[in-house]
Amino acid sequence: MLGITVYTNFAIKCGGPQITTFDRIVYEADNSTLSAASYYMDSTRKWAVSNVGFDAQNPQYVLNIFSEFLGGYISVFNDPNPDFSAYISTNTRDLYLTSRKSPGSLRCFGLGLQNGPYTVSLLFVEPAIRNRITQTWASLGRRVFDIYIQGKLRKKDFDISKEAGGVDKAVKRDFDVSITENYVEIHLFWAGKGTCCIPEPGYYGPSISALRVVSATTPSKTGKTGLIVGLTVAAGAVSFILLIAVFYNVKMKQSDVDDEEELQGIGPDKTLSVIRC
């Protein structure tokens, strides 16, 4: 394929290990440790993630659902009845057990994508901030951020718990996007809204559990098969042109040889023989 790699889909399990869902969609692991200003690219160079923002309380920039529940928020913040229904009822509950977070700017890139229309699916859950009805310290927190795709604002002041209808509830948002330069950029950006230190310092800014980007067109028509056919036809055309060029070159050399022999036949020797007669 002339060194060209083109994909029509990818999926990431943000902040956690690889997961294959019941419908056989593979969400690749994104469990690397990021720093205050760093990025990670997967081994296939198919996607990358970056973080900008310092969080001394969470140097891995990952939220873990069970560690949030069992690590203190239920007892410390007096929330005895966390709502696990979102995780129990959904067939893809494992996708929501961890989340990648950032106190400032979180970007996800899809690389080497075939140009065309795509659907970007973003999966969220709010694991740390509690319901207001609990009237606890943790219930006063608000996580609010903006969603940009390909540099365009697609959702302003996105509040996970508000969109999901409560905390501990899974929510998915789909966006249509047109890819024209073989990559997609998903940017989750904290614009200074919401709270910054509730329930702990650093618990603000964007957070995402998983994402998937898939072509909106039929793979058999516009996927790798189409690319291979296109390259094969192009290679065939180039080969045909080269064959014609070689044939023409051989013919030209043969023509030069014939001309040379003809000139030799009417050269000085034959002219002298005529004079001698």
Side-chain angles (χ1 to χ4, degrees), residues 12-17 28-43 45 47-73 76-77 95-111 122-130 136-164 167-168 171 173 183-211:
I12 306 174
K13 173 61 201 91
C14 304
E28 299 181 46
D30 167 34
N31 50 8
S32 60
T33 299
L34 296 178
S35 61
S38 64
Y39 74 93
Y40 167 78
M41 180 181 292
D42 81 312
S43 58
R45 305 179 72 84
W47 55 267
V49 60
S50 73
N51 167 67
V52 175
F54 178 68
D55 184 357
Q57 304 293 325
N58 190 339
Q60 287 190 322
Y61 300 90
V62 171
L63 292 176
N64 185 297
I65 298 300
F66 291 119
S67 68
E68 304 305 331
F69 286 142
L70 304 179
Y73 290 122
V76 174
F77 298 112
L95 290 175
Y96 299 91
L97 298 183
T98 63
S99 299
R100 174 70 71 182
K101 69 175 290 288
S102 170
S105 172
L106 183 63
R107 296 176 192 260
C108 298
F109 299 89
L111 309 172
L122 307 180
L123 287 66
F124 304 94
V125 71
E126 178 52 63
I129 298 172
R130 301 292 85 211
T136 61
W137 170 251
S139 70
L140 300 177
R142 290 292 175 271
R143 188 189 307 280
V144 180
F145 55 92
D146 297 336
I147 300 175
Y148 290 83
I149 301 178
Q150 302 299 69
K152 296 181 180 179
L153 179 62
R154 302 299 299 270
K155 189 73 175 179
K156 186 175 179 61
D157 298 336
F158 184 78
D159 184 326
I160 298 174
S161 60
K162 184 177 180 180
E163 294 281 337
V167 300
D168 312 327
V171 59
R173 289 293 177 261
Y183 78 94
V184 64
E185 177 189 5
I186 302 162
H187 186 195
L188 310 181
F189 178 69
W190 181 63
K193 297 183 179 180
T195 55
C196 67
C197 302
I198 301 174
E200 287 185 359
Y203 273 88
Y204 64 95
S207 170
I208 184 170
S209 299
L211 65 89

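These values consider heavy atoms only, across backbone and side chains, with no hydrogens, waters or symmetry-generated copies.
- Minimum interatomic distance between R143 and G205 (heavy atoms only, all atoms of both residues): CG-O, 3.0 Å.
- Nearest heavy-atom pair, L153 versus D146, reported as atom, atom and distance to 0.1 Å: CD1-CB, 3.8 Å.
- Under the 3.5 Å distance criterion, with hydrogens and angles disregarded, a donor-acceptor pair is assigned to the side chains of S102 and N51.
- Annotation for V171 and E163: closest pair CG2-O, 4.1 Å, computed over non-hydrogen atoms.
- When every heavy atom of S99 is checked against every heavy atom of V125, the shortest pair comes out as OG-CG1, 4.2 Å.
- Judged purely by atom type and a 3.5 angstrom limit, E185 has no side-chain atom pairing as donor or acceptor with the backbone of C108.
- Side-chain contact check for V62 versus K101: every heavy-atom pair is 4.5 Å or farther apart.
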Intermediate values then yes/no, side-chain contact (heavy atoms from CB on, under 4.5 Å), R100 and S32: CA-CA 10 Å; R100 174 70 71 182; S32 60; 3.8 Å; yes
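- Between D30 atom CG and I208 atom CD1 the span is 10.0 Å, to the nearest 0.5 Å.
- With ring centers used as reference points, W47 lies 6.0 Å or more from F109.
- Using a 30° and 60° split on the angle between ring planes, H187 and Y148 fall in the tilted class, from 30° to 60°.
- In plain terms, the two heavy atoms of P103 and Y204 that are nearest each other are O-CE1, 2.9 Å.
- With rounding to the nearest 0.5 angstrom, the CG atom of L106 is 11.0 Å from the CD1 atom of I147.
- In this structure, L122 CG and I12 CD1 are separated by 10.5 Å, a value rounded to the nearest 0.5 Å.
- Between Y40 and L34, some side-chain heavy-atom pair lies under the 4.5 Å cut-off.
- By the ring-ring contact (aromatic ring centres under 6.0 Å, His included) test, F158 pairs with F124, F145, sequence neighbours left out.
- Closest approach of I160 and E126 over heavy atoms only: CG2-N, 3.6 Å.
- Looking at Y183, its side chain never comes within 3.5 Å of a backbone N or O of Q150 through a donor-acceptor pair.
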May I have the step-by-step check of side-chain contact (heavy atoms from CB on, under 4.5 Å) for N64 and L97, ending in yes or no? CA-CA 6 Å; N64 185 297; L97 298 183; 5.9 Å; no
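- L211 contributes atom CG, which lies 9.5 Å from atom NZ of K13 (distance to the nearest 0.5 angstrom).
- Distance CZ/R154 to CD1/I186: 10.5 Å, rounded to 0.5 Å.
- You'll find the side chain of S207 reaches within 4.5 Å of the side chain of L63, heavy atoms only.
- Going from atom CZ of R45 over to atom CG of L111 covers 8.0 Å, rounded to the nearest 0.5 Å.
- Taking the side chain as every heavy atom from C-beta outward, K162 and V144 never approach each other to under 4.5 Å.
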